[in-house]
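This report refers to the structure that appears directly beneath it.
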Amino acid sequence: MDPMDSVHSEDGQAEGPSTGDQAPLPVGLTELERAVIAKLDDDKALDMVLIDLRGKSPMSDAMIVASGRSNRHVGALADHLLRLFKEMGLGKVKVEGLPHCDWVLLDAGDVIVHLFRPEVRTFYNIEKIWAVDSAHRGAGAA
């Protein structure tokens, strides 16, 4: 699995050859990662990105970043993921940002999910922080 795999293209359409209604998922996903991506896809989340953190950070195995169309959509995505985590027996998941729903963080241990409104996601651009070829990583080498 690539360190940073886009699950959907910029226009929201599935990338690559499709089997049925779902886009092909990156190889090596855990059951939890698959369930989160499937739930976000069912709930029409935009621009989903899976960032593999294995070997890069001890805090989690994967980070999933997605956008919702509005505060209400981001809140609904977060609520549905909380229900999914409970159904999967994860118990109490740490949640930040739920009252305003501009940026909601769900920490389920092995998977961290960031849900943004599009303009907030563009402002913080957290995918760039974890990108392998990020400018801040190359600056120290010069």
Side-chain angles (χ1 to χ4, degrees), residues 1-140:
M1 175 168 50
D2 289 335
M4 197 149 115
D5 291 318
S6 178
V7 180
H8 288 89
S9 65
E10 291 298 316
D11 63 358
Q13 297 300 314
E15 291 182 336
S18 179
T19 55
D21 287 16
Q22 291 190 347
L25 296 174
V27 178
L29 293 181
T30 65
E31 180 183 346
L32 178 59
E33 292 164 357
R34 285 184 188 280
V36 169
I37 290 171
K39 177 55 82 178
L40 289 171
D41 194 42
D42 289 346
D43 290 345
K44 309 293 187 225
L46 308 172
D47 303 323
M48 284 185 281
V49 175
L50 172 72
I51 302 169
D52 186 12
L53 299 177
R54 291 170 189 89
K56 293 180 188 163
S57 175
M59 71 178 173
S60 184
D61 289 341
M63 184 181 306
I64 298 172
V65 183
S67 297
R69 294 180 302 277
S70 65
N71 296 55
R72 188 174 292 228
H73 189 210
V74 169
L77 292 171
D79 182 58
H80 293 172
L81 285 178
L82 286 170
R83 291 179 193 185
L84 173 72
F85 293 143
K86 187 174 181 181
E87 289 170 8
M88 294 186 78
L90 293 174
K92 191 79 170 155
V93 173
K94 296 177 184 115
V95 182
E96 293 291 333
L98 205 49
H100 300 290
C101 296
D102 285 332
W103 176 3
V104 177
L105 174 100
L106 300 134
D107 185 350
D110 291 340
V111 176
I112 295 173
V113 182
H114 294 272
L115 303 171
F116 291 97
R117 281 188 309 109
E119 47 283 355
V120 177
R121 182 176 179 174
T122 301
F123 179 78
Y124 287 104
N125 198 9
I126 66 169
E127 293 102 323
K128 186 175 180 180
I129 295 170
W130 292 99
V132 174
D133 59 350
S134 183
H136 78 278
R137 292 182 194 270

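Of the inter-residue distances, the one linking Leu77 atom CG with Arg69 atom CZ reads 8.0 Å to the nearest 0.5 angstrom. Taking CE from Met59 and CD1 from Ile112, the interatomic distance works out to 4.5 Å, rounded to the nearest 0.5 Å. Remark: Arg54 CZ to Ser60 OG distance equals 8.5 Å, nearest 0.5 Å. The CZ atom of Arg121 lies 4.0 Å from the CD atom of Glu127; values are rounded to the nearest 0.5 Å. Of the inter-residue distances, the one linking Leu84 atom CG with Asp79 atom CG reads 11.5 Å to the nearest 0.5 angstrom. In this structure, the separation between CG on Asp41 and CE on Met48 is 4.5 Å, given to the nearest 0.5 Å.
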Side chains of residues 100-110: which donor-acceptor partners sit under 3.5 Å, not counting sequence neighbours?
from   : atom 1 : to     : atom 2 : distance (Å)
Asp102 : OD1    : Asn71  : ND2    : 3.2
Asp102 : OD1    : Arg117 : NE     : 2.6
Asp102 : OD1    : Arg117 : NH2    : 3.0
Trp103 : NE1    : His114 : ND1    : 3.0
Asp107 : OD1    : Gly109 : N      : 2.9

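In this structure, the side chains of Ile126 and Met63 come closer than 4.5 Å at one or more pairs of heavy atoms.
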Between Leu32 and Phe85, does the side-chain contact (heavy atoms from CB on, under 4.5 Å) criterion hold? Intermediate values first, please. CA-CA 9 Å; Leu32 178 59; Phe85 293 143; 3.7 Å; yes
Check step by step if side-chain contact (heavy atoms from CB on, under 4.5 Å) holds for Val74 and Val120. CA-CA 12 Å; Val74 169; Val120 177; over 6 Å; no
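For His73 against Gly68, the heavy-atom pair with the smallest separation is ND1-CA, 3.3 Å.
Results of the side chain to side chain contact (heavy atoms under 4.5 Å, CB included) test with Val111 over Leu90, Ile64, Leu81 single out Ile64 as the only residue that passes.
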